[in-house]
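Notes for the one structure printed next.
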Amino acid sequence: SVCRIVLSDQFVRYQLVPWNAELQSRQDRLRLAQAQFRAVFGDAADGWEVRLDRAGYGASALACAVDRALLSELEGLRGAAGLRIMSIQPHLAAAFNRSRRELHAPGFWFASIEQGRLWLGRFKSDRWISVSSYQLGQQPVREMLEGIEREAVLIGGDLRDAQVHLVATGLDRDSLRAMRDAGVNILAAQADGFAGTGVNPDVAMRH
């Protein structure tokens, strides 16, 4: 038997690794990503497994990092259950892949809310140009829109220049209705658990 594992983003860190023309190989870019995680998170990053998405030439790459101890624990559970792991994906990657066919515009905001945490990404011309994450409080709708406004200012854009698409878990009906009223496109939503686990190997950050 085989299984696909989707990790909660509570266990995953993300960084957008800038393009560097002097790096000649994917392995060089991976080492740059590892160094960037270390610079941001300190010595703890030495114990993380880092993976890069398949960014095109000249584009920044989205990197994710997961604690190696967690991956080892998953491997032990897999062995005890007699399963074969097909892939290990962060919730963000799984949600994005599942929704990708619906995202036709050349640029958009992609947001994921899971367990009270917001992940925001600005996607334009087939590449990520901005990523960030925030802990949400008691007003998730207002806080998400304010987060997008801050990110738009940082990258020299505007909240209104692209559609906001959302995959969410844990939001109540009133919050979802308020999101829609604010112009947010709800791609998937569940009261709890994961909002989607589709896999597209061309986009996934695989283990």
Side-chain angles (χ1 to χ4, degrees), residues 2-17 33 37 40-41 44-45 47-55 60-75 77-78 83 85-103 108-123 127-137 140-141 143-144 147-148 151 163-172 175-176 179 184-207:
V2 299
C3 66
R4 293 181 173 89
I5 297 174
V6 178
L7 290 176
S8 167
D9 283 326
Q10 299 290 320
F11 302 110
V12 186
R13 279 87 169 177
Y14 296 95
Q15 288 287 298
L16 194 59
V17 182
F37 276 107
V40 174
F41 296 99
W48 298 347
E49 189 75 14
V50 177
R51 289 290 181 267
L52 286 169
D53 72 353
R54 296 185 178 93
S60 296
L62 184 61
C64 69
V66 179
D67 196 313
R68 291 193 189 96
L70 174 59
L71 296 175
S72 296
E73 183 69 19
L74 291 173
E75 179 62 25
L77 293 173
R78 177 211 64 78
L83 299 173
I85 297 176
M86 289 288 291
S87 66
I88 299 177
Q89 282 190 306
H91 173 250
L92 168 68
F96 183 79
N97 294 337
R98 183 175 184 269
S99 306
R100 190 66 182 92
R101 291 182 180 179
E102 301 178 50
L103 306 175
F108 51 84
W109 292 94
F110 187 82
S112 171
I113 293 177
E114 186 220 354
Q115 297 188 17
R117 190 163 190 85
L118 167 68
W119 186 94
L120 285 175
R122 180 70 165 90
F123 198 81
R127 65 187 66 182
W128 296 104
I129 62 172
S130 173
V131 299
S132 60
S133 63
Y134 302 90
Q135 193 69 37
L136 294 175
V141 180
E143 292 169 28
M144 189 186 89
I148 295 175
E151 291 300 309
Q163 176 69 58
V164 179
H165 300 283
L166 173 67
V167 172
T169 60
L171 291 183
D172 58 32
S175 294
L176 291 173
M179 290 284 190
V184 176
N185 178 35
I186 309 295
L187 294 167
Q190 287 183 214
D192 50 38
F194 290 115
T197 57
V199 175
N200 176 349
D202 292 331
V203 182
M205 292 172 287
R206 297 181 295 176
H207 171 57

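Under the 4.5 Å side-chain criterion, counting only non-hydrogen atoms from C-beta, F110 is in contact with L92. Residues Q89 and R4 have side chains not in contact (no heavy-atom distance under 4.5 Å, counting atoms from C-beta outward). Between V167 and R98 the shortest side-chain heavy-atom distance does not fall below 4.5 Å. Counting heavy atoms from C-beta on, the side chains of E49 and I88 never come closer than 4.5 Å. Contact annotation: the side chain of I5 never approaches that of R78 to less than 4.5 Å [non-hydrogen atoms, C-beta and beyond]. For the pair R122/I148, no side-chain contact is recorded, criterion being any heavy-atom separation below 4.5 Å from C-beta on.
Considering every non-hydrogen atom in both V141 and S175, the closest pair reads CG2-O, 3.5 Å. Across all their heavy atoms, Y134 and G147 have their closest contact at OH-O, 3.9 Å. Between Q135 and G116, the shortest heavy-atom distance links the atoms NE2-O, 3.2 Å. Listed here is the closest heavy atom pair of L52 and A33: CD2-CB, 3.9 Å.
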F123 and R100: side-chain contact (heavy atoms from CB on, under 4.5 Å), yes or no, with the steps? CA-CA 11 Å; F123 198 81; R100 190 66 182 92; 3.3 Å; yes
Run the side-chain contact (heavy atoms from CB on, under 4.5 Å) test on L171 and M179 for me, step by step, so that the C-alpha distance in whole Å, both residues' side-chain angles and the decisive distance to 0.1 Å come before the verdict. CA-CA 10 Å; L171 291 183; M179 290 284 190; 4.2 Å; yes
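A donor-acceptor contact shorter than 3.5 Å is absent between the side chain of R68 and the backbone of L71. At least one donor-acceptor pair under 3.5 Å links the side chain of E143 to the backbone N or O of G137. Between the side chain of D9 and the main chain of V12, no donor-acceptor pair closer than 3.5 Å is present.
When ring centroids are compared, W128 and F96 come within the 6.0 Å threshold.
Every residue meeting the side chain to side chain donor-acceptor pair (under 3.5 Å) condition with S132, not counting sequence neighbours, appears here in chain and number order: E151. Qualifying side chain to side chain contact (heavy atoms under 4.5 Å, CB included) partners for E102, counting only residues two or more places apart in sequence or in other chains: L187. Every residue two or more places apart in sequence or in another chain was checked for a side chain to side chain donor-acceptor pair (under 3.5 Å) with D67, and none qualifies. Evaluation of the ring-ring contact (aromatic ring centres under 6.0 Å, His included) rule for F41 yields W48 as partners, not counting sequence neighbours. Contacts of Q115 classified as side chain to side chain donor-acceptor pair (under 3.5 Å), with partners at least two apart in sequence or in another chain: none. Under the rule for a side chain to side chain donor-acceptor pair (under 3.5 Å), S99 has no partner lying at least two apart in sequence or in another chain.
The structure places CG of L62 at 14.0 Å from CZ of R51, a figure rounded to the nearest 0.5 Å. Taking CD of E114 as the reference point, atom CD of Q10 lies at 6.0 Å (rounded to 0.5 Å). A distance of 4.5 Å separates CG of L166 from CD1 of I186, quoted to the nearest 0.5 Å. In this structure, OG on S130 lies 8.0 Å from CG on L120, to the nearest 0.5 angstrom.
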